[in-house]
Amino acid sequence: MKLDSKIPSGPLAEKWTKHKFNVKLVNPANKRKYEIIVVGTGLAGASAAASLAELGYNVKAFCFQDSPRRAHSIAAQGGINAAKNYQNDGDSVFRLFYDTIKGGDYRSREGNVFRLAEVSVNIIDQCVAQGVPFAREYGGLLANRSFGGAQVSRTFYARGQTGQQLLLGAYSALSRQVANGKVKLYPRTEMMDVVVADGKARGIITRNLITGAIESHSAHAVLLCTGGYGNVFFLSTNAMGSNVTAAWRAHKKGAFFSNPCYTQIHPTCIPVSGDHQSKLTLMSESLRNDGRVWVPKTKETAEKLRKREIAPRDIKEEDRDYYLETKYPSFGNLVPRDVASRNAKYVCDEGRGVNETGEAVFLDFRDAIKRDGEDAVRGKYGNLFDMYEKITGENPYQTPMMIYPAVHYTMGGLWVDYNLMTTVPGLYALGEANFSDHGANRLGASALMQGLADGYFVAPYTVGDYLANLPYEKIAEDHPEFRKAEEEVKERVEKLLSINGTKTVDHFHKKLGKIMWNHCGMARNAAGLTKAKEMIRSLKEEFWSNVKVLGTGEELNLSLEKAHRVADFLELGELMIDDALHRNESCGGHFRDEYQTPEGEALRDDENFAYVAAWEYLGDGKEEALHKEELVFENVKLTQRSYK
Amino acid sequence: MSWVFKTLNSTLGKKLLMALTGLFLILFLVVHLAGNLQLLLPDEGRSFNIYAETMASNPLIRVVGILNFGFIALHAIYSIILTRHNKKSRPVAYAVSKASANSTWSSRNMGILGTLILIFILIHLRGFWYEFKFGEIPYVTYDGETYKNGYAVVAAAFENIAYVIIYVVSMAVLAFHLSHGFSSAFQSLGLNHKKYTPFIQKLGIGFAIVVPALFALIPIVMFLQSN
Amino acid sequence: MNLTLKVWRQKNPSEKGGFKTYKLSGISADMSFLEMLDVLNEDLSEKGEDPVHFDHDCREGICGMCSLYINGQPHGPHQTTTCQLHMRSFKDGDIITIEPWRASAFPIVKDLVVDRSSFDRIIQSGGFVSVNTGGVPDANEIPIPKVIADESFDSATCIGCGACVAACKNASAMLFVSAKISQLALLPQGKVEKRERAEKMVAQMDAEGFGACTNTGACSAECPKEIKLSNIARMNREYFSASLSTENI
């Protein structure tokens, strides 16, 4: 099968405009004859469901949480990029496009990324009109900040809760359509499968998480807005419920999965404190503006620290290794996320980690406090320091903070064309669930932008183009394909409940996470990946023979919910390893030890790997088939980054 | 007028009625106190008796008096309606509740405080208002005019230590009721402002201390005078 | 540390629930409260007992999904969410009573899980600005004074957890409703329909069966996002002025 990205021809800046003109329209009176399913109610899902309902389509919106407002987009802190150039500092749509392509290490599509930059300006207008209280200057106009090392100030923010405010904006638009009767909400409902008939996506099978009822929902199109799969690592900054199930079920029904190995690791998270840890908490990267990263120069000193024989403040200046400042004199502590993360791992691997688990480095504000005073530091970072103290019980004004990298975002996802349609006609993927815009690495403050761009401004056009060719009749919910899919889901529920083994679901999830983190995390190599693949295979076998899921299928059953998700993570983990193993280069969120410059930088191989890897599921236990979508760069020149 | 009923019937509307009647009763307390303090003047009740007669004969005051009874009734009835509604909103109580961590005792017990005050009002009305109006009262003559000697009735009542204690304790109850009720009424009316609210809150506390204290002073002083 | 937990167990909405006592040992002070419950649940699962069901998701204090009435206070002894409560706030040997939110508008689903969809319905009744996607003015078209934007933001930080309802002795939702009414009434974009919004949201709040406000201030004192009581005053103001001025007879 040849992958057709359907990027419109013509000059970059005119592609989207031209495409919008070329898509087929559905007559306003006919829109009400179509039904669209939206799975997930985060930024992408809520905005898409609201916008499609406003157009007149009938929408069913599903989420596993108790309310659409809980989706994990809510936890995004930093901000949202938009090429408004309100600061007159030389920003433009092209510059945002260029930064995004470059930041993604040249592994994304020019056409998609340019469109993202183009509609970014509309997003801000839309959110302000909804009543999103963005930060403002005294003159009453919107404030911006520079974020994640960008050279221009293009990030809009609402204190450290931008994701929350944007999501509540989209949620309010969604709620309005619920009141209008155009959206029907299905909270506490998990998608269990996609139904494909005659080569088209026709609906989904769901499980009501309260009653356990397995239900069929037929529709003309299905939009998956189900976020990323960072929880394959068990510990990540994702919410506890974040999962890959919807995307993975779609993958098994024919949707290709792209670049699963691209994983973004965030350098400034609160370190793991013990085996009980259930999730990791991110602290804003802005901390690196004033904090200095260091570990002791020797292993011996680090050991004493770990045993709490000495306090960090007792370590003399000459015994400290400010490794980022030494290694990267011009960028210092502000090197990009992946570089900062990897170097933290290296020093900890050398045995110089500073907390009890040996997996933490210091982020020290001593000098900033000396220079600017405690009040100034409190003014800038007060809430982050409070949060840190609340979680760790340590006062960062007196003793250095400890940080460690954690999985934060996954750039890979379902393969989609320019219309955001997967390889299954009628099945779309929006937001973090697709692979399309961030290449191998996502820039800070771009996740919110992409989710809302897809939902507010892309899908409402492109979905119509597909629907225009469809008859009004949906296939019935007792169609054999629905019956078959329902049966499969029920069998799976029964299977999980009947194993009655000795190990809990969490046990398997934690084990999988460790394998992934150790071998497919910040740095990967062929030997480790090969070993990990074997480990996952046997873990998967053990899971299906020895997992213990209590209770019944006809009630609220958290371990059953989790078992479904972990079963899918086990399969995804293997594909991530295949993907990481086949990509013999380092780029963005994929670093292979074998492929680095003499300075230890990621070494791309544009000649052989400037493509999107799209994996096709061929059946249980079979190796997946690799398809390649070559990336064509007509507007940017591929360069090697350097932060020395 | 359906919108009026709709508004007043909402939870906010019912609170509005509580606030408005409460504020009226607060105002009444001031007027009532001003009159009663005359009991303490060293003129054997002359000012008080004249004042009482003037009030009783003024038609406007009589209307206000009737309104006053109406508002007390309304305040009490609505508190019952609201309490029943609120109880229904939490049919199952918590096994462990640490409400002291988040609110004052009096704010949580306005119903109990109010009930005690209502009982007091009934005792008070029976003891004085009823006596003045329908009881056998001695008369007294000032400058040729005859007046009911209410002062004598009051003085006689406050010779009884039990009566004095009831009054003093009731005024303490009133103080707690007011300490929450005063500023709460403004909040219910939506009258909240960064500049004025702190003042209203302080005024409320001051009012809750001073007014009941002065009311309580009357029976204490009269009791001491009688011995 | 060693702890005794008294946890409300209830199989489903119709069955009668009750407290069950569990002993836990080896709890680390660095654990979050929910991680402590994870430990309990792992123990229970291994023993073949049904784990304790509770709502949670982001575990970083922002999604509003976690709840729990802990030793007589919503989200426990500190003004934070349960997921951000850590075991160092407790002592060895403590007895911890854990109850679900109690309100007729928050019916129990199972154990400690309650149904807060009444909050969603209140937002659906008017907690939005009626604009469609596209066709809106430029974001900088209408300047908004910084103080107003900041005040609106303070109200907008509500996470919809329901601690206000849980804390209120009347199970009143006024803090939640007023935060949304305030956020939108303060902004020029939300002013357009502020009167109808106030009327509709208050009507829906009442229809859901929440209690009335007696201004105890418990809601605000327990709110993990420190939403202020002044929001309730503003809602009252907005509602009464709407009622007097709209033309809805």
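Numbers restart at 1 for each chain; the letters A, B, ... are given by sequence-line order, proteins then strands.
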Under 4.5 Å from any heavy atom of chain A - which part of [X]:
X      : value
C/V109 : side chain
C/N132 : both
C/S117 : neither
C/I142 : backbone
C/V113 : side chain
C/R59  : both
C/E141 : neither
C/S125 : neither
C/N41  : neither
C/S155 : neither

Do you know which of C/P137, C/P145, C/P188 has the most heavy-atom pairs with chain A at a distance under 4.5 angstrom?
->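 The answer is C/P137.
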
Most heavy-atom pairs under 4.5 angstrom with chain A, which of C/D55, C/V129, C/D120, C/T133?
->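 The option with the most such pairs is C/T133.
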
Any side-chain heavy-atom pair from A/K84 and C/D138 closer than 4.5 angstrom?
->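 In short, these two side chains touch, coming nearer than 4.5 Å.
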
Are A/Q277 and C/D38 close enough that some pair of their side-chain heavy atoms sits under 4.5 Å apart?
->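 No, their side chains stay 4.5 Å or more apart.
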
To the nearest 0.5 Å, what is the distance between [atom1] on [X] and [atom2] on [Y]?
X      : Y      : atom1 : atom2 : value
A/S172 : C/Q183 : OG    : CD    : 8.0 Å
C/S32  : A/K390 : OG    : NZ    : 13.0 Å
A/R70  : C/I62  : CZ    : CD1   : 11.5 Å
A/I391 : C/Q84  : CD1   : CD    : 4.5 Å
C/E60  : A/H72  : CD    : NE2   : 5.0 Å
A/Y171 : C/I123 : OH    : CD1   : 5.0 Å

Contacting moiety of [X], where chain C heavy atoms sit under 4.5 Å:
X      : result
A/Q164 : side chain
A/E394 : neither
A/Q126 : both
A/T392 : backbone
A/L167 : neither
A/D66  : both
A/L550 : side chain
A/I124 : both

Do any N or O atoms from the side chain of C/H53 and from the backbone of A/L558 form a donor-acceptor pair under 3.5 angstrom?
->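 Confirmed, C/H53 side chain pairs with A/L558 backbone.
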
Interface residues of residues 189-202 of chain C facing chain A - heavy atom cut-off under 4.5 Å =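 Interface residues of residues 189-202 of chain C: C/Q189.
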
Looking only at heavy atoms and a cut-off of under 4.5 Å, which of [options] has the most pairs with chain C?
options                       : result
A/V549, A/D125, A/V128        : A/D125
A/V178, A/T281, A/L174        : A/V178
A/A179, A/A129, A/A53         : A/A129
A/K548, A/H507, A/R136        : A/R136
A/M240, A/R176, A/E54, A/H276 : A/R176

Check ion pair A/K279-C/D57 (N to O, under 4.0 angstrom) |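 Judged by the 4.0 Å cut-off on N to carboxylate O distance, A/K279 and C/D57 do not form a salt bridge.
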
Charged N-O contact under 4.0 Å between A/R188 and C/D115 |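 Looking at C/D115 together with A/R188, the answer is no, because their closest N to O distance does not fall below 4.0 Å.
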
Which atom names give the shortest non-hydrogen contact between A/G131 and C/L187, and what distance separates them?
->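 Here A/G131 and C/L187 meet closest at O-CD1, 3.3 Å.
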
Do you know which two heavy atoms are closest between A/L142 and C/A139, and how far apart they sit?
->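 So the minimum-distance heavy-atom pair works out to CD1-CB, 3.4 Å.
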
Within a reach of under 6.0 Å around OH of C/Y22, are more than 12 heavy atoms found that belong to other residues, nucleotides or ligands?
->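 Yes, the 6.0 Å shell around OH holds more than 12 heavy atoms from other groups.
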
Would you sort out whether A/E137 and C/K146 count as a side-chain contact (heavy atoms from CB on, under 4.5 Å), showing the intermediate values?
-> CA-CA 6 Å; A/E137 307 285 0; C/K146 184 172 159 47; over 6 Å; no

Give the C-alpha distance, both sets of side-chain angles, the deciding distance and a yes or no for side-chain contact (heavy atoms from CB on, under 4.5 Å) between C/R116 and A/S67.
-> CA-CA 8 Å; C/R116 286 169 285 190; A/S67 161; over 6 Å; no

